[in-house]
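Below is one structure; the comments refer to it alone.
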Amino acid sequence: MKEIKIEKNDAGQRLDRFLAKAVPLLPASLAQKYIRIKRIKRNGARAERDTRLVEGDTLQLYINDEFFDKPREDNAYLTVATPKLNIVYEDDNIILVDKRPGLAVHPHDGAEYGRTLIDHIQAYLYQKREWSPRGENSFTPALCNRIDRNTGGIVIAAKTAEALRVMNQKIKDREMDKRYLAIVEGTPKPREGQLKGYIFKDAKKNRVFVTDTPQSGAKTAQTNYKVLASASGLSLVECELITGRTHQIRAHFSHAGHPLLGDGKYGKLDKRYDRTYQALYSYKLTFAFTTDAGALENLNGKTFQVKGVDFVDEYFPDAAKRIFP
């Protein structure tokens with residue numbers, strides 16, 4: 001419990017508005033709940049959220065110590081009152097989440113604190129009491145893979161230090177099969193094949209470039225693909241990442257003359273279609289461990305898939321029924 005003495009400059013404010021300033025990590029909805037259930041009191045008695053504070057009042061706050069910290073990147077999860085997660089799978093070690101397009105995975109992707117995927121995952125585990133930052137020396141639930149802000153799909157988060165270590169190594173050793181769905185302009189030929197090239201990144205422009213021949217600083221890139229359906233000048237393709245370079249699928253198909261629908265960075269926004277972000281989704285994940293996976297061994301051989309993808313439903317409804325029965 002912590003007490004706050006109301007001074008002259010604090011007087012006259014509503015209780016809820018004062019709390020928003022004095023305890024900025026405490027979400028407004030949670031503050032209202034705590035006022036209602038008397039975990040926040042005024043002078044030892046129940047108060048209302050619109051109670052006007054008077055100089056000399058004392059507030060008693062029966063809330064976790066974490067909320068009294070200063071707002072930082074590492075405690076932004078506290079501002080999430082109601083985590084919004086589409087959970088594909090969860091056990092004691094990992095959680096697979098279907099990230100929606102438009103949601104950043106980390107704050108440094110340009111999103112505000114408290115509004116990223118990792119914030120919602122940490123808030124979810126904190127509120128379930130599966131993770132207590134005060135009781136940990138160093139570990140914090142973390143993401144094992146990333147997906148671009150405007151790409152949707154399965155993201156892996158580790159709930160334990162061992163899971164994070166093992167999963168990161170499995171990703172590095174390519175002991176998993178990740179499949180993407182994309183809509184591209186035109187129809188790639190052949191309908192099933194490989195895109196190979198060399199990718200180098202221009203950090204200043206935040207984009208990559210593909211060449212057919214080796215270049216200084218460029219890394220090899222390979223994308224396997226299969227056309228699942230074609231109609232109205234568009235094709236639905238399934239992609240398998242053999243290498244995992246930045247923006248690989250988007251840049252590869254653009255270089256091949258088949259930019260992704262809605263990709264303004266590597267293609268163009270077609271006015272015939274109401275899309276402002278690329279039609280790309282990491283829809284299926286298979287764990288294919290070839291070495292010991294410790295606590296994650298139970299995942300070996302298992303496949304996880306999202307329930308549906310909006311652009312597949314919209315542009316290729318018949319294919320959607322086959323992919324997502």
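These numbers come from the heavy atoms of this one structure, side chains and all, not from hydrogens, waters or symmetry mates.
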Looking just at side-chain N and O atoms, do Lys196 and Thr220 make a donor-acceptor pair shorter than 3.5 Å?
no
Counting only N and O atoms by type, is there a donor-acceptor contact under 3.5 Å from the side chain of Thr223 to the main-chain atoms of Ile249?
no
When clusters are formed by joining ILVMFWY residues with side-chain heavy atoms under 4.5 Å apart, either directly or through shared neighbours, do Leu285 and Leu241 land in the same one?
no
Can you see whether Tyr34 has Arg36 sitting over its ring - NZ or CZ less than 6.0 Å from the centre and within 45° of the normal?
no
Measure the CZ-CD1 distance between Arg39 and Ile63 for me, rounded to the nearest 0.5 Å.
8.0 Å
Aromatic ring proximity, centroids under 6.0 angstrom, Tyr124 and Tyr126:
no
side-chain contact (heavy atoms from CB on, under 4.5 Å) partners for Lys70, two or more places apart
none
How are the rings of Tyr89 and Phe304 set relative to one another: parallel (under 30°), tilted (30 to 60°) or perpendicular (over 60°)?
tilted
Pair Lys21 + Asp10: basic N to acidic O under 4.0 Å:
no
Between the side chains of Gln215 and Thr213, is a donor N or O closer than 3.5 angstrom to an acceptor N or O?
yes
Flag the pair Lys128 and Glu90 as a salt bridge only when some basic side-chain nitrogen lies within less than 4.0 angstrom of an acidic carboxylate oxygen.
yes
When the ring centroid of Tyr273 is compared with that of Tyr315, is the distance short of 6.0 Å?
yes
Under 4.0 Å between a side-chain nitrogen and a carboxylate oxygen: does that hold for Glu55 and Lys8?
no
So which heavy atom on Leu280 is nearest to which on Ala182, and how close?
CD1-CB, 3.8 Å
Using side-chain contact (heavy atoms from CB on, under 4.5 Å) as the criterion, point out the one residue from Thr211, Asp212, Val208, Ile199 that pairs with His255.
Asp212
Closest heavy-atom pair and its distance - Pro27, Phe67
CD-CE2, 4.0 Å
Between Gln278 and Lys265, is there a side-chain donor-acceptor contact under 3.5 Å, judged purely by atom types and distance?
no
